[in-house]
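Convention: sequence-line order gives letters A, B, ...; per-chain numbering from 1.
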Amino acid sequence: MVYENPDGIRIGLEVHVQLNKLNTKLFCGCSTDYHDSEPNTHVCPICLGLPGSLPVLNERAVEFAIKIGLALNCSIVEQTQFHRKNYYYPDLPKNFQTTQYDYPIAAEGKIIIEGEDGEHNVGITRAHIEEDPARLQHMGTIDKSKGTLINYNRSGMTLIEIVSEPDMRSPKEARRYLEKLRSILDYLGVFDGDLEGAMKADANVSVFWGERVEIKNISSFKGVERALLYEIMRQKNQIRRGGEIVMETRHFDEARGVTISMRTKEDEQDYRYFPEPDLVPMRVADWVPKVRETLPELPDAKRARFMEEYSLGETHARALTTEIKVANFFEEVAKKVDPKDAAVWVSDILKGELNYRELSIDAFTVEDMVAVVELVTANKITEKSAVDVIRTVLDDGGKPQEIVEKKGLLKVEDDIVATAVDEAIAENPEAVADYLGGKEKSLNFIVGKVMQKTKGRADAREAREKVLAKLNE
Amino acid sequence: MAAWTDISGIKQKIADSSAEEVTASYIETIGKSKINGFTTMWDEAINVAREIDSEGHEGPLAGVPIAIKENISTKGLSTTCSSKILQGYVPPYDAHVIERLREAGAVILGKTNMDEFAMGTSTESSYYGPTLNPWDMDRVPGGSSGGSAAVVAAGEVPVSLGSDTGGSVRCPAAYCGVVGLKPTYGCISRYGLISYANSLEQIGPLATNVADIATIMDVVAGYDSRDSTSINRENTYSDALKDDVNGLKIGVPEEYFGEGIDEKVEKAVWDAISKFEDMGATYEKVSMPHTKYALASYYIIAMSEASSNLARFDGTRYGYRAEGENWHVMASRTRAQGFGEEVKRRILLGTYALSAGYHDKYYLKALKVRTLVKQDFDRALDNVDVLMAPTMPAPAFKIGEKIDDPLSLYLADVNTVPINLAGVPSISVPCGFSGDMPVGLQIIGKHFDENAIIKAAYSFEQNTDHHTRRPPEVA
């Protein structure tokens, strides 16, 4: 099947990723661990842009960027080159942003996503390094604000801007792209996606192969999909009414789910880029082989291996390899129990329970997972009880074995059921006679007696089968 | 005004009396100053001197007073670039050179006047008013480090630091009859120097004699990891203090004696070159054909960088702030009211030169010319050891004479800016007079060959007496 893309949709994404796993900021020694700190406590003359301060490039940040570039199948630049992007804004302490311009650290790569018609390549135009601005906090709403506070803790954090080709053909593909990108970054260990401001996206979209419109200020993956759905509908309606699409930048109003025009192409700012004189080019071509060695197995490769090594289906393999922690968790469990059982219990059950509670895989231990899977596969507890055990561990704590005992979830032994069946048949000759005489309903009565005798711990279906077998002897 | 005393003389005085007494006597002299060279005095200076007396100090500059240009960050001491926009700004950190000076035991007396943001050749554009030339108080001291040169010439301090983006140490050194060095780009850390044009400027010392220049260089030069353009290279500058130019090959670039050169300046420089011949050196004329484009290239690059460097002064975090109903209005009013005319002119021209559609025509072209100018120096210095030329084509002009004619002011920099484009070192030493005003001889060297030009300058000083003449009121 080939996806026809009937509306001629082209979507490109610009994603800003904050490398919050670096210890220090991009151009100074300030700590990046500010998320729980008082405002303006992680600052120095450099990230405050004080007169006379000079930037010094964080080599580890460059290493991370190269790692990202390689993971996105990009070619890496020979030497670093930084430019100044000049514009005035209160969150910029120097009123210019130090960024990369015509020599981005990485260029011409690709990401494979699960597209509308199976595997689909999305080209990566470039990935470049730049500094994060400070954070503005308006007192009250933005239009009726009494004032604005500036928190420079974020100022000078390392950002990687990853720009894609307009290769996505639907909002769904855009979301898949973002999920895949996040998955790769997660594997690389370069960022913690759960921290505030870790990942932000701008989208550009066109319909019927026409002019593109840029959408700014989208703060979540869901937001990207919603903004694009709205914007595609708007553009199509505009054209249907005989209107034209103009190249412009629009702002996404998350609350109302609509995009609003900010500026047209004519008002585009001139950033007056020029090479940053305070940073000398640094040759990094020789770093590449070494950084390549540190690349972990990436999601696509891991998924293929899981299918091969553990005989998993594609759906399970994909679900288990999205997050590196989940993949590692699964592999640990799979060492102890049948990998297929592990896949079912981790991917289908545990992940669902975790998502429902907005918990990460860290909330459950490998040991407990192994215990639960072993209990089920040894036929000691029912599947329903196993789910109950997982929920109890997550909600109230405790070990699976204890919970099973405390709640009396152990399945009763076969001989107890057999005895109960014998007794029930012997004690109810009328019902037996009725059943043998063709009254099907009488069977339910006998099975009910068995359940009574086993205090409901027998599996009802199992009890029924055993009664039937006995009566048909 | 006090007599000129060199560093070794100061040290003798400290040994005979105390650092406190020496510091106090300079402060007293400065108190009577008529030249407006200092902008802010450091009230801790006397305490630092006292501490050196009581606790002793082994540093090479223990107790030696020094003055610092207004654009070099000093922790706890106002650093304003002589601009209204930085009024009230007190840096929370020391520039690299200040750290080095403090470690060496120097006593910082205060900050010296300059053209606003180092943009000028006369020190007339300062928010604090012009500094006067000690040789003739109707004349400018040169710029932009006019305060740093004038206070040394006036005997208000033995040594000072300035900064040189396009001649800002050498020009006032020449106009005030003192010695000034612009080191090789990357020789001294710029950490803490408030940028005007980052790719061109260096901090440089000013003194009454060459030996003191070498002493200061030994303290302030050297690698600093906080400045990515700083070069890791060891050198002892005072090793070059030898009276020996035997066999020295001098190149004399014809282009530096061009149109508009003052006859007496030309004569003084040629006399100096003859003197070098007498001392055992030889000279040959060299050609540096791209010199005529250097000025245009310099101003485009400097203004482009400045337009970005000075963007941060918006009233948000420090310095002067105007009122405004929102940030953009506040920031533009702050800049409209806080910057002087020349600074605004350069920001506007630099912004223009970097704008889409003009970027290639001006900025990129200027960079290409810069490469050609560099190649001129490489070629010329391939065959000779040093180059010699007039520092300034004419002696100090009258205050007010050129301030309304920016182009004629820019033209005065014609012999100094090529050196900054090339990044090579250059020292200006007194070599005579035009009337009553001093004339400076510029000795230019190869990259990081400061020792060659220090040695030549030192030998010249040992064999001449130009540097012994004092401004009338100092004598």
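- For Y191(B), the parts lying under 4.5 angstrom from a heavy atom of chain A are both the backbone and the side chain.
- Judged by the 6.0 Å and 45° rule, K85(A) forms no cation-pi pair with Y273(A).
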Discussion item. Applying side chain to side chain donor-acceptor pair (under 3.5 Å) to D224(B) and S230(B), what does each step give before you reach the verdict?
Written reply: CA-CA 6 Å; D224(B) 174 22; S230(B) 148; over 6 Å; no
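- Each of P91(B), S228(B), C81(B) has some count of heavy-atom pairs under 4.5 Å with chain A, and the biggest count is that of S228(B).
- In this structure, Y271(A) places its OH atom where more than 12 heavy-atom neighbours from other residues, nucleotides or ligands lie under 6.0 Å away.
- Here the straight-line distance linking atom CZ of F191(A) with atom NZ of K21(A) works out to 8.5 Å at 0.5 Å rounding.
- A salt bridge links E342(B) with R346(B); the closest basic N to acidic carboxylate O contact falls under 4.0 Å.
- We find the CD-OG1 distance between E59(A) and T80(A) to be 9.0 Å, quoted to the nearest 0.5 Å.
- Between chain B and the residues G29(A), P45(A), G52(A), the most heavy-atom pairs under 4.5 angstrom are made by G52(A).
- Within residues 315-332 of chain B, the residues having any heavy atom less than 4.5 Å from a heavy atom of chain A are, in residue-number order, T316(B), R317(B), Y318(B), W327(B), H328(B).
- Counting only heavy atoms from C-beta outward, the side chains of D314(B) and T334(B) never approach each other to under 4.5 Å.
- Contact count versus chain A (heavy atoms, under 4.5 Å) is highest, among S195(B), P92(B), S199(B), G192(B), for G192(B).
- Proximity to chain B (any heavy atom under 4.5 Å) is restricted, for L92(A), to the backbone atoms N, CA, C and O.
- Interatomic distance, CZ of R190(B) versus CD1 of I203(B), reported as 9.0 Å (0.5 Å rounding).
- Using a 4.5 Å cut-off between heavy atoms, N71(B) makes no contact with chain A at all.
- Comparing A353(B), A311(B), S189(B), A95(B) by heavy-atom pairs within less than 4.5 Å of chain A, the highest count is held by A311(B).
- Counting heavy atoms from C-beta outward, K200(A) and Q18(A) have side chains that stay 4.5 Å or more apart.
- Within the 4.5 angstrom heavy-atom criterion, only side-chain atoms of S73(B), from C-beta onward, approach chain A.
- D94(B) places no side-chain N or O within donor-acceptor distance of the main-chain N or O of E99(B), the cut-off being under 3.5 Å.
- Here the side chains of Y89(B) and P51(A) are in contact, with some heavy-atom distance below 4.5 Å.
- For a residue to count as touching a neighbouring chain, one of its non-hydrogen atoms must lie under 4.5 Å from one of that chain's; by this rule Y88(A) touches chain B with backbone and side chain alike.
- No side-chain N or O of S148(B) forms a donor-acceptor pair with one of K69(B) less than 3.5 Å apart.
- If you measure heavy-atom distances from I46(A) to chain B, the contacts under 4.5 Å come from the side chain alone.
- Only the side chain of D270(A) comes within less than 4.5 Å of a heavy atom in chain B; its backbone stays farther off.
- The contact between S225(B) and chain A is made entirely by backbone atoms, counting heavy-atom distances below 4.5 Å.
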